[in-house]
Visitor: 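Okay, here's the structure, questions in a sec.
We number each residue from 1, following the sequence as shown. We use all heavy atoms of the structure for the numbers below, so side chains are in, but hydrogens, waters and symmetry mates are not.
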Amino acid sequence: MITEILDSSPKGIARAGELLRAGGLVAIPTETVYGLAANALDAAAVRKIFQAKGRPGDNPLIVHITETGQWASLVSSLPKKAIELAERFWPGPLTIILPKSEQVPYETSGGLDTVAVRCPSHPAARAVIEAAGVPLAAPSANLSGRPSPTTFAHTRAYLEGRVDALLDGGSCRVGVESTVVSLCGDVPRLLRPGGVTAAELREVLGSLEVDPAVTGGLRPGERAESPGMKYKHYAPRARIEIVDGSPEEFIEYVNSLGNTPGTCALCFDETEKYVKIPAVTYGSRYDRAAQARELFEALHRLDGLGAHRALAQMPGRAGVGLAVYNRLMRAAAFRVMTLPGPMVVGLTGPSGAGKSTVAGGLVERGFQLIDCDRLTRREDVYDSECIAALAQAFGQDVAPGGRLDRRKLAGRAFRDAGSVKLLGELTFPAITRAVRRELCGMDGPVLLDAPTLFESGLDSICRRILAVTAPEEVRIRRVMARDGLDEAEALARFSAQHPEEYYIQRADLAVDNGGGAVMDTELDRICAELKGDCR
Ligand code: TXA
Ligand code: MG
C-alpha cells in the first residue's frame, strides 16, 4: 500500500478528513502520543486498525471527539462526575469510560458494553476530527506490543506501507498516553495513569480507586479491567530490567558489569556522566514531566543502539511519575532487581514543616534514623583539613587551636546566602563521610533527615525521597515558637529558602504535616508504600 505523507496545513488536514470519511486509516499526532485513526462508527474501518497494528481484537479503542456535544450519542448515560471531569480536563490527556450507546460498534469497544472517550487538545488532532466529521477511534500508532510513537519518525517507521496516510505534527508534548478512568462502577477507577495525575482526578472526583494492575502485574487468573493491561507492552527489542537502588548504587552496579557488548543503561540525565557503559537518558530525576516526554523516545534509542539488555534506573511514582513507572514496568515485563543494601529514604522539606515529627513517627514504625542536623553538631565529623579550610574562609578565630567554635562559625556563615553556600561546599564532604560511616552496618529501612538533602548531594545515596510540607501559616507559627522569631523574621527566613514546590517536585512521596489527626494514617500509608518497596 502506498502511504500518503501529509502535514498539518489546511490541505493536509482536509485530505486526512477525506480519507477517514471514506473508511481509511490515518495516523495523526495528539498531545500524548501519535494515534492511528479510523471512523469509530464504521466497523469495517475499525477492523483495519486491528489488522494494521497486529492488535488483539478484544483490546478496545479510544474514541476521540472535539466537543462534549458529540459525547451524548456515544454513551448510554452521562453522569454528573463525567461532565465535571470533562469541564476540568478536556481538551487534554484524559479518557473517560462509560456504558456505550448502540451507535458504537462492538469492533470499537473490543466486545465490551462500555466505551472510552477522549477529547484531545492537539490542534492537528482536533482539526482532523472536525474535517472527518465523525468521532475517530485511535489507539497509539505503534505496532502492538512495541513502544508508543511520540515523533513522526517513529510513526512512519511503524506504519508506512500499512495505512492510507501519516500526518506529520512534530513531537508529542506529554509523551505518555492519556489517563484512563472508568466511571462504570460504584467508585471511579484509574485503569491507566497518564498525563492527568491521580491527585488531580481526586480533586474532582473525591474518591478514586487505583486498579492494582497500574502498579503491579496481574496475578495468574486475575482479570484485567482494562483489556490493554493484560498484554505485554511498550517493549523495545532489548530486555529491560529495572534496577532499584539509589543513583549511587545504580552507577556502581552498572559499572561493575564492565563493558558487555549489547548492555546499556537507561538512566536519568544526572546519572549519565558517571555511567561507563553506553547509556540512554530519559529526563531528569527531578522532572517527571520530562521523563514522561522522553521515555518512549529513549526506548526507541535503545533499539537504535542495538541494545539487547538495558538496565533502567527506577523512576519515582509521584504525579505523572506514576505513568512513567507504569510504562517502564510493562516494558520491563515487571522485572525489578533490588540491589543489596538498606532502603535509604531521604527526608527533607522547608523550615517548620515538621520533619522531626514525621521522623519520629517513622522511627516508631521501624525506621532507623540518621539526623544530619545532629551530625553537623558533632566535633568528630570535621577532620583537620576541613577545619583548616573553614578557618581560611571564615577567619582563624572560628577554629582557635584547631578546634571548631561552632557558635562563632555560625555567626559568620549564616550572614548571607554566599556564606551559607561556601559553608556547604566546605562541610558537605565531611558530613557525607559521616553519614556513610553511620550507614555501615544498618540494614533495615533508614531515614536520612537532611534539610539540605539536595544541596549536599546526599540525595544520590537515597532510594526514595520523602518531602514534608505544611501550610505556610502553620510553618510560620512553628518557626516563631521554636526559634523565638517574630513574624517578619520568620518570613525573611522562608524567603531565603526554597519554596515548598521545590521539595514536592523532587520527592517520591510527600506528607502534609499541617498537624491534626491525619498524621497517623498518612504515616501508615507512607510506611506501607516504602516497606512494600523493600521487598
Ligand atoms: O493518549 C492516548 O490515549 C492515545 C492517543 C492516540 O489518544 N491512545 C491510546 O490508545 O493510548 P490505546 O489503544 O493504545 O490504549 C487504550 C487503552 C487500552 O489499554 C485499552 O484496553 C483501554 O484504553 N480501553 C479502551 N476502551 C476501554 C474500555 N471500554 N474499557 C476498559 N478499557 C478500555
Ligand atoms: Mg497503546
Side-chain angles (χ1 to χ4, degrees), residues 1-8 12 15-16 19-20 23-40 45-57 59-62 64 93 110 118 120 122 124-125 128 136-178 192 194 228 231-240 266 280 282 292-308 310 327-328 330-333:
M1 175 190 275
I2 307 265
T3 299
E4 290 177 41
I5 305 297
L6 309 174
D7 60 23
S8 49
R15 178 66 183 149
L19 288 166
L20 288 163
L25 298 188
V26 181
I28 58 169
T30 82
E31 70 278 19
T32 56
V33 301
Y34 274 76
L36 177 57
N39 178 355
V46 166
R47 270 195 295 270
K48 290 197 259 173
I49 293 183
F50 288 89
Q51 261 164 24
K53 275 182 60 104
R55 180 176 174 112
N59 193 359
L61 306 178
I62 295 174
H64 296 66
R118 148 160 149 77
H122 194 292
V128 172
L136 297 180
S140 47
N142 50 294
L143 299 181
S144 196
R146 304 294 317 283
S148 299
T150 51
T151 65
F152 182 69
H154 300 160
T155 308
R156 186 168 190 171
Y158 283 135
L159 294 176
E160 188 159 28
R162 292 172 174 261
V163 302
D164 296 289
L166 306 169
L167 196 142
D168 186 349
S171 298
C172 302
R173 177 176 59 81
V174 179
V176 290
E177 304 87 341
S178 61
R192 179 175 75 182
Y231 297 110
K232 184 180 161 201
H233 249 106
Y234 314 118
R237 278 183 254 286
R239 172 191 162 94
I240 298 196
L266 176 60
V280 165
Y282 74 104
R293 204 165 48 239
E294 294 180 31
L295 179 67
F296 285 131
E297 168 78 34
L299 296 179
H300 280 100
R301 290 217 306 276
L302 284 175
D303 279 349
L305 281 180
H308 49 73
R327 304 307 189 276
L328 191 56
R330 267 149 220 284

Visitor: Contact between Asn142 and Phe296 at the side-chain level, heavy atoms closer than 4.5 Å - yes or no?
Guide: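 Heavy-atom side-chain distance check fails, nothing below 4.5 Å.
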
Visitor: Which atom names give the shortest non-hydrogen contact between Ala37 and Ile49, and what distance separates them?
Guide: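 What the structure gives for the nearest pair is C-CD1, 4.3 Å.
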
Visitor: I need the Ser171 OG to Tyr34 OH distance, nearest 0.5 Å.
Guide: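 Between atom OG of Ser171 and atom OH of Tyr34 there are 7.0 Å.
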
Visitor: Decide yes or no for Glu177 and Arg327: does some side-chain heavy atom of the first lie under 4.5 Å from some side-chain heavy atom of the second?
Guide: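 A side-chain contact exists here, since the closest heavy-atom pair is under 4.5 Å.
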
Visitor: Given Leu36 and Tyr158, is the side-chain contact (heavy atoms from CB on, under 4.5 Å) satisfied, shown in steps?
Guide: CA-CA 11 Å; Leu36 177 57; Tyr158 283 135; over 6 Å; no

Visitor: Could you state the interatomic distance from CG (Asp7) to CZ (Arg15), rounded to the nearest 0.5 Å?
Guide: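 Here the rounded value is 13.5 Å.
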
Visitor: Apply side-chain contact (heavy atoms from CB on, under 4.5 Å) to residues Glu4 and Leu19 and explain how you reach the verdict.
Guide: CA-CA 10 Å; Glu4 290 177 41; Leu19 288 166; 4.2 Å; yes

Visitor: Using a 4.5 Å cut-off on heavy atoms from C-beta on, say whether the side chain of Leu167 contacts that of Pro29.
Guide: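 Yes. Closest side-chain heavy atoms under 4.5 Å.
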
Visitor: Minimum heavy-atom separation for Arg162 and Ala52, please, with both atom names.
Guide: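 Smallest interatomic distance, heavy atoms only, reads NH1-O, 3.0 Å.
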
Visitor: Can you tell me how far CD1 of Ile5 sits from CG of Leu166, rounded to the nearest 0.5 angstrom?
Guide: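 Interatomic distance, Leu166 CG to Ile5 CD1, rounded to 0.5 Å: 4.5 Å.
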
Visitor: If you take all heavy atoms of Asn59 and Phe50, which pair is closest and at what distance?
Guide: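 Smallest interatomic distance, heavy atoms only, reads O-CE2, 3.3 Å.
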
Visitor: Side chains of Thr3 and Leu159: does their closest heavy-atom pair fall under 4.5 Å?
Guide: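 The answer is no; the side chains never approach within 4.5 Å.
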
Visitor: Evaluate the ring planes of His300 and His154, with Trp represented by its six-membered ring, and classify them as parallel (under 30°), tilted (30 to 60°) or perpendicular (over 60°).
Guide: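 Correct class here is parallel.
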
Visitor: Work out which heavy atom in Ala331 is nearest to a heavy atom in Pro236; give both atom names and the distance.
Guide: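 Here Ala331 and Pro236 meet closest at CB-CD, 4.4 Å.
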
Visitor: So, do Ile240 and Leu299 sit near enough that their side-chain heavy atoms are less than 4.5 Å apart?
Guide: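 Answer yes - side chains close enough.
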
Visitor: Do Asp164 and Leu25 come within less than 4.5 Å of each other through their side chains, counting heavy atoms only?
Guide: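 A side-chain contact exists here, since the closest heavy-atom pair is under 4.5 Å.
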
Visitor: Heavy atoms only: give me the nearest Glu297-Thr151 pair and the separation to one decimal.
Guide: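 Shortest heavy-atom separation between Glu297 and Thr151 comes out as OE1-CG2, 3.4 Å.
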
Visitor: Apply salt bridge (Lys or Arg N to Asp or Glu O under 4.0 Å) to Glu31 and list each qualifying residue two or more places apart in sequence or on a separate chain.
Guide: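 Result, salt bridge (Lys or Arg N to Asp or Glu O under 4.0 Å) vs Glu31: Arg118.
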
Visitor: About how many Å separate CG of Asp168 and CG of Leu6, when rounded to the nearest 0.5 Å?
Guide: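 One finds 9.5 Å between CG of Leu6 and CG of Asp168.
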
Visitor: Work out which heavy atom in Ala137 is nearest to a heavy atom in Leu61; give both atom names and the distance.
Guide: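 Smallest heavy-atom distance, with atoms named: CB-CD1, 3.8 Å.
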
Visitor: Give the intermediate values and the outcome of side-chain contact (heavy atoms from CB on, under 4.5 Å) for residues Arg237 and Arg146.
Guide: CA-CA 9 Å; Arg237 278 183 254 286; Arg146 304 294 317 283; 3.5 Å; yes

Visitor: Output the distance between atom OG (Ser8) and atom CD1 (Ile28), rounded to the nearest 0.5 Å.
Guide: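 Ser8 OG to Ile28 CD1: 11.5 Å, rounded to 0.5 Å.
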
